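Here the structure is laid out as structure tokens; the discussion comes afterwards.
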2 protein chains.
Amino acid sequence: MNSVNLKQLAQELNLSVSTVSRALRDSWEISTPTKQRVFDLAKKMNFQPNPYASSLRKHRSRTIAVVIPEVANNFFALAIKGIETVAREKGYHVLIYLTNEEVAEEMAIAASLQSGRVDGVILSLCGSTQDTRHLLDLQQRNIPLVFFDRVSDGITAPKVMTNDHESGFIATEHLIKAGCRRVAHLTISMSLSISHKRQQGYEDGLRRYDQPWDPDLVIHCGSDEEVNYRMIKELFLSDKRPDGVFASVEKLAVQVYHVCRELGLRIPEDVKVISFSNLVTASLLSPSLTTIAQPAYDMGKEAATILFRRLEKKYIVVPEDRVMLPAKLEVRASTMSS
Amino acid sequence: MNSVNLKQLAQELNLSVSTVSRALRDSWEISTPTKQRVFDLAKKMNFQPNPYASSLRKHRSRTIAVVIPEVANNFFALAIKGIETVAREKGYHVLIYLTNEEVAEEMAIAASLQSGRVDGVILSLCGSTQDTRHLLDLQQRNIPLVFFDRVSDGITAPKVMTNDHESGFIATEHLIKAGCRRVAHLTISMSLSISHKRQQGYEDGLRRYDQPWDPDLVIHCGSDEEVNYRMIKELFLSDKRPDGVFASVEKLAVQVYHVCRELGLRIPEDVKVISFSNLVTASLLSPSLTTIAQPAYDMGKEAATILFRRLEKKYIVVPEDRVMLPAKLEVRASTMSS
DNA sequence: CTGTTAGCGCTTTCAA
DNA sequence: TTGAAAGCGCTAACAG
């Protein structure tokens with residue numbers, strides 16, 4: 001690193017290091033002409049202050065960490081984009097850590113983050129995390145933590161998530177308004193609270209529009225694609241064949257697609273399908289398929305905004321718990337790049 | 001930050017700071033019993049060395065920057081994953097910066113990276129970048145740069161990219177081996193070198209298998225989806241209806257899908273389609289559709305590996321230009337999460 | 001084997 | 001309005 005530093009600037013200008021430092025941060029205690037001289041030389045010499053020296057001295061790194069289970073998933077990718085956007089706006093840098101859905105990695109990362117490397121952390125838990133001591137440790141070190149999407153109930157911290165109830169409601173409403181009379185709901189692992197809430201929204205949607213709730217139209221799917229396929233097929237072969245399907249996750253919508261293909265049913269003419277999705281797969285089901293998109297980008301921005309509000313200590317010490325962003329109904333064009 | 005530091009450890013143990021420092025880095029000049037005492041107390045007090053102090057002192061941050069045009073694109077997301085994996089293995093941290101395809105942002109980021117914040121940079125150019133002075137500045141500051149995917153010919157630096165010629169060849173070969181006799185090729189903006197190379201691969205593939213090359217089977221598509229759709233439809237309605245299509249980008253494969261749907265052609269029974277893709281859209285075309293996937297993850301790992309090799313100064317100062325990773329033919333199962 | 005010392009480059013009192 | 005000086009926490013000569 002052959003970089004110029006304050007000392008060199010100071011020597012060149014016959015000023016003290018401290019004066020140069022102050023001038024560069026536009027301190028009011030420096031005369032305008034001096035500032036000008038300093039600015040000019042700094043630009044000329046392409047001076048870049050050493051961030052680590054500054055961090056060491058100020059105990060602030062202007063860096064945050066984003067810890068997520070994976071990135072090869074449009075949801076998290078968009079969230080990162082939201083976070084990065086806000087971060088750069090505020091002059092922060094973003095470190096990224098992937099847990100790969102491994103609790104052990106999450107813990108190791110959390111431990112390493114105790115070093116003061118970052119001023120704050122935005123985190124989405126990996127699926128299997130139960131014990132959250134490693135996160136409490138972070139908070140004890142005064143490193144603010146903001147959860148998003150996959151939150152933990154056991155920790156007091158701001159949480160940014162989608163309003164799954166509302167999302168389920170909107171999806172159901174959409175199908176009913178589109179003329180469906182037998183709306184099925186495909187769920188996944190009911191142990192997840194999101195599934196639960198989406199189903200609540202589904203039921204409330206039916207109720208709101210005076211549709212009967214039929215337990216046979218709710219299929220609890222699991223992780224075995226084969227089994228899911230069979231269950232969905234059975235549903236379509238039964239006397240309760242749905243004319244609308246609300247799939248809680250996109251892979252289930254894909255299964256519906258395959259079932260319909262096998263049975264010679266057309267989408268969306270015979271069966272309308274709506275699904276949560278941040279992928280583009282869905283656009284193939286129909287050129288104008290409607291999806292429920294988690295507002296990933298907005299969630300990222302929101303999480304970052306909340307974190308920075310804490311970091312800049314705006315004296316709002318209200319632990320604003322649970323910000324719920326509404327899901328968005330989206331008609332997607334098929335826009336994809338290579 | 002209430003963190004413990006070396007001084008506190010030293011006091012507690014009646015040792016000097018430097019001894020503790022050395023012990024923690026497992027220096028050979030410290031006795032085993034002393035090391036043990038130090039380790040134990042460090043663990044007990046949950047000591048985490050301040051990375052910024054260390055960076056300041058050593059002029060190395062063990063941090064790299066990844067600069068990419070966007071992240072909401074499976075290719076770059078996977079690349080990040082590859083980079084992060086290698087980085088964590090080597091004990092490095094990864095800062096992420098998005099240019100949003102804006103040259104101005106790319107330049108600003110490059111400028112800020114001159115501060116010594118990172119030891120090296122992995123970068124994929126944004127589409128419009130012509131002038132690469134900002135990157136030369138980085139190199140002049142002795143910050144190694146590794147390109148991946150979107151490389152610049154104007155700069156001497158390692159470049160990791162996919163072998164587009166080979167990819168085009170493989171795709172064509174696959175269709176021919178699957179029994180296709182009239183393989184069409186859908187290209188995009190021939191100004192891009194990747195399109196050019198893929199087409200070369202296509203032509204060489206035909207030649208290799210003694211298939212005639214028919215200019216009518218090559219459609220140069222543009223950015224207007226409507227127009228592309230019409231051109232593809234015309235091709236299928238002509239007397240040269242293809243039984244195999246090699247789409248250079250996925251969105252063109254999608255258009256083929258729509259055209260086939262309209263014309264009542266089945267995929268893959270009547271027409272086989274193969275496409276470049278790192279998205280999962282393709283899996284819908286057929287449960288077992290074959291795609292040509294850019295080896296994004298591997299490219300990320302490769303780029304990171306090359307970068308770290310430089311950083312760790314293995315005295316291999318061979319500027320290993322242009323590492324070309326082969327594209328991979330993939331039969332994809334439809335694996336998607338919410 | 002361990003300690004002393006002198007910084008890394010910057011910020012921030014405290015003086016002038 | 002400017003300067004001198006004391007560190008932030010850690011590392012690396014150089015001594016012992």
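Labels below follow one simple rule: chain letters A, B, ... track the order of the sequence lines, proteins then strands, and each chain is numbered from 1. Quantities reported herein were computed from a predicted structural model and do not represent experimental measurements. FYI, side chains are in, hydrogens and waters are out, and symmetry mates aren't considered; it's all heavy atoms of this structure.
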Worksheet item: Taking atom types as modelled, is there a side-chain donor on B/R117 or A/H93 under 3.5 Å from an acceptor on the other?
Response: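 Yes, side-chain donor-acceptor contact under 3.5 Å.
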
Worksheet item: Is it the case that B/N46 and A/Q114 place a side-chain donor and acceptor less than 3.5 Å from each other?
Response: yes

Worksheet entry | Salt bridge present between A/E89 and A/K301 (N-O < 4.0 angstrom) | no

Worksheet item: Salt-bridged, B/R150 to B/E101, with N to O below 4.0 Å?
Response: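 The answer is yes: the pair qualifies as a salt bridge.
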
Spacing between [X] atom [atom1] and [N] atom [atom2], to the nearest angstrom:
X     : N      : atom1 : atom2 : value
A/L24 : D/dT2  : CG    : P     : 13 Å
A/L6  : C/dC8  : CG    : P     : 12 Å
B/Y52 : C/dG7  : OH    : C1'   : 21 Å
B/F47 : D/dC10 : CZ    : C1'   : 8 Å
A/L56 : C/dG7  : CG    : P     : 17 Å
A/W28 : D/dT2  : CH2   : C1'   : 12 Å
A/K58 : C/dT12 : NZ    : C1'   : 11 Å
B/L13 : C/dT2  : CG    : C1'   : 13 Å

Among [options], the one nearest [X] by side-chain distance:
X     : options              : value
B/T34 : C/dC8, C/dT2, D/dC8  : C/dT2
B/R25 : D/dA12, D/dG3, C/dC1 : D/dA12
B/N50 : C/dG3, D/dC10, D/dG3 : D/dC10
B/T19 : D/dG9, C/dC10, C/dT2 : C/dT2
B/N5  : C/dT12, C/dC8, D/dG9 : D/dG9
B/V17 : D/dT11, D/dT2, C/dG9 : D/dT11

Item to complete: Answer with base, sugar-phosphate or nothing: what part of the nucleic acid does B/S18 contact at a heavy-atom distance below 4.0 Å?
Response: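 B/S18: base contact, heavy atoms under 4.0 Å.
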
Discussion item. Under 4.0 Å, heavy atoms only, any strand: does B/S54 hit a base, just the sugar-phosphate, or nothing?
Written reply: sugar-phosphate

Worksheet item: Taking only N and O in the side chain of B/S55, is any of them less than 4.0 Å away from OP1 or OP2 of C/dC8?
Response: no

Worksheet item: Hey, does the side chain of B/S21 come within less than 4.0 Å of D/dT11's phosphate (OP1/OP2), counting only N and O?
Response: yes

Discussion item. Looking at every non-hydrogen atom in both residues, tell me the closest pair between A/C126 and A/E106 and how far apart they are.
Written reply: N-OE1, 2.9 Å

Worksheet item: Can you find a donor-acceptor pair, distance only, under 3.5 Å between A/R22 side chain and D/dG3 base?
Response: yes

Worksheet item: Pick the nucleotide of DNA chain C nearest each of B/T32 and B/R57; which residue has the one closer to the 5' end?
Response: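 Its nucleotide being nearer the 5' end, the pick is B/T32.
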
